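Report on one structure; see the data block that follows.
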Amino acid sequence: MALRFYNTLTQRVEEFAPLEDNLVRMYSCGPTVWNYAHIGNLRTFTFVDLLRRWLQARGYRLDHVMNLTDVDDRIIQQAMAAGQTLEEYTSVYTQAFLDDCRTLRLERPEHLVPATAHIEDMAEAIRRLGEKGYTYQSDGSIYFRIASFPGYGKLSHTDFSGIRAGVRVDSDRYEKSDARDFALWKAPKPGEPSWDTVIGPGRPGWHIECSVMAMKYLGETLDIHAGGVDLTFPHHENEIAQSEALTGKPFARFWLHSEHLILESQTMSKSLGNFYTLRDLLERGYEPEAVRYLLASVPYRKKLTFTFDSLRSAAGAIERLRSYKLRLETGKFPAGTSEALLERTLAAVRRFEESLDDDLNTAEALGAVFEYVRDSNSAMDAGEFRAGNSAAALELLARFDAIFDVLTTTANQGGLSDAQIEARIAERNQARQANNFTRADQVRQELAEAGVILEDTREGTRWKRR
Ligand SMILES: [Zn+2]
């Protein structure tokens, strides 16, 4: 079966192929850098990462754009309250977002673009929309007239014909019941940042930035547009209206939306604020891989209920896989190959791949891996697993980890390997035997800085990672 995705636009699961050769042109809505991302936001970004990785595993090249919303109502409000410029205020949260992405091993899009670097492009797009008769002005702001775009509502599958009354909404975020003509450009207000452009002074609304930056880098029709389900209306509906009004062409062929993450209980959200950031979880001692695994393990179109139990299970699941990998790498198995087991390994790989082809069904894909690991461990216990079975089993784990990326511990990443640590310990022992304690202490200190703790015992030097 071919690769297929559920397309919000058609409300059907459809076979996916890019318009052009094997290049996938993809846009996903990025963060508003007004605060730390919470794990609900990070679920969406993890979904986009899985999507990227699976498309690449299936042989596609990617041209992926993600925006950084670094000007909007909330940012302006917070920056003004803090007595900072927009840039001073947003740079902190932009960096925090990039750090979170690195911690969660999210691949960086080919283009990561801040809205404020594209204000002129947005003003020009709004000018052209005006020329085509899709806009009107009021008190220095410019609005998109939704009654002039007959397809309005086609993504959220809502009939808005009854409420196209020319009533306006200035807020960037609003409910379906408030569907109104929305602001493309906001008039300058005293004390607020504004830009001088071809359409006069002011600042862009939120929706126009995605349309403009997507088409600037990817052309008029994208293969995939992805984002959180809460963006379907109004944000993505407005993106379609603006883009298609400009070009007369379909804006995106596939619309993929990831579901919400919900918290385990009302009580917990009350006592701790109603969300967690990645930092909150890491401070409690959870590994980033466990967070990544948990966010990835529930298929993206299902709601994910976050609990600390599920985070602990995620850590346990990773541990089982790591132990199995270690057993594969260090176990002594009888010579030869079990053909029956080899066939089961290949079947597990097929099921893993077919599951991800099926609209990224990560739960089913993980099921295939864990069933195989159980089977394989039993085969090892029973002596059925042969030396010749290792390569295929390691290949299965490699394919798994190319997508899920949880087998290497963060503590090891960029740090010293076990062999390197052992070598340094041997060097230190030599120095001690030669009574060169300065050198010995220096090695201990360097290892400590690399996060390795030494303990000298009668049996020799033991070590562990911090
Ligand atoms: Zn967007």
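Atoms within each ligand, like the ligands themselves, are counted from 1 in listed order. On a predicted model such as this, the values are computed, not experimentally measured, just so you know.
A cation-pi arrangement is absent between Arg145 and Tyr134, since the terminal nitrogen or guanidinium carbon is not both under 6.0 Å from the aromatic centre and inside a 45° cone about the axis. In this structure, Arg203 is not positioned above the aromatic face of Trp195 in the sense of NZ or CZ being under 6.0 Å from the six-membered ring centre and within 45° of the axis. Taking the ring centre of Tyr6 as origin, the terminal cationic atom of Arg12 falls outside the region bounded by 6.0 Å and 45° from the ring axis.
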- request: Apply salt bridge (charged side-chain N to carboxylate O under 4.0 Å, His left out) to the pair Asp280 and Arg284, showing each step before the final yes or no.
  value: CA-CA 7 Å; Asp280 295 334; Arg284 287 164 178 244; over 6 Å; no
task: Please step through salt bridge (charged side-chain N to carboxylate O under 4.0 Å, His left out) for the pair Glu237 and Lys154, ending with a clear verdict.
output: CA-CA 8 Å; Glu237 200 73 73; Lys154 68 180 174 184; over 6 Å; no
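Shown here are the protein N/O/S atoms lying under 2.8 Å from the Zn ion (ligand 1), water excluded: Cys29 SG, Cys210 SG, His235 NE2, Glu239 OE2.
One finds no salt bridge joining Arg4 and Asp357 here, because no Lys/Arg side-chain nitrogen approaches an Asp/Glu carboxylate oxygen to under 4.0 Å.
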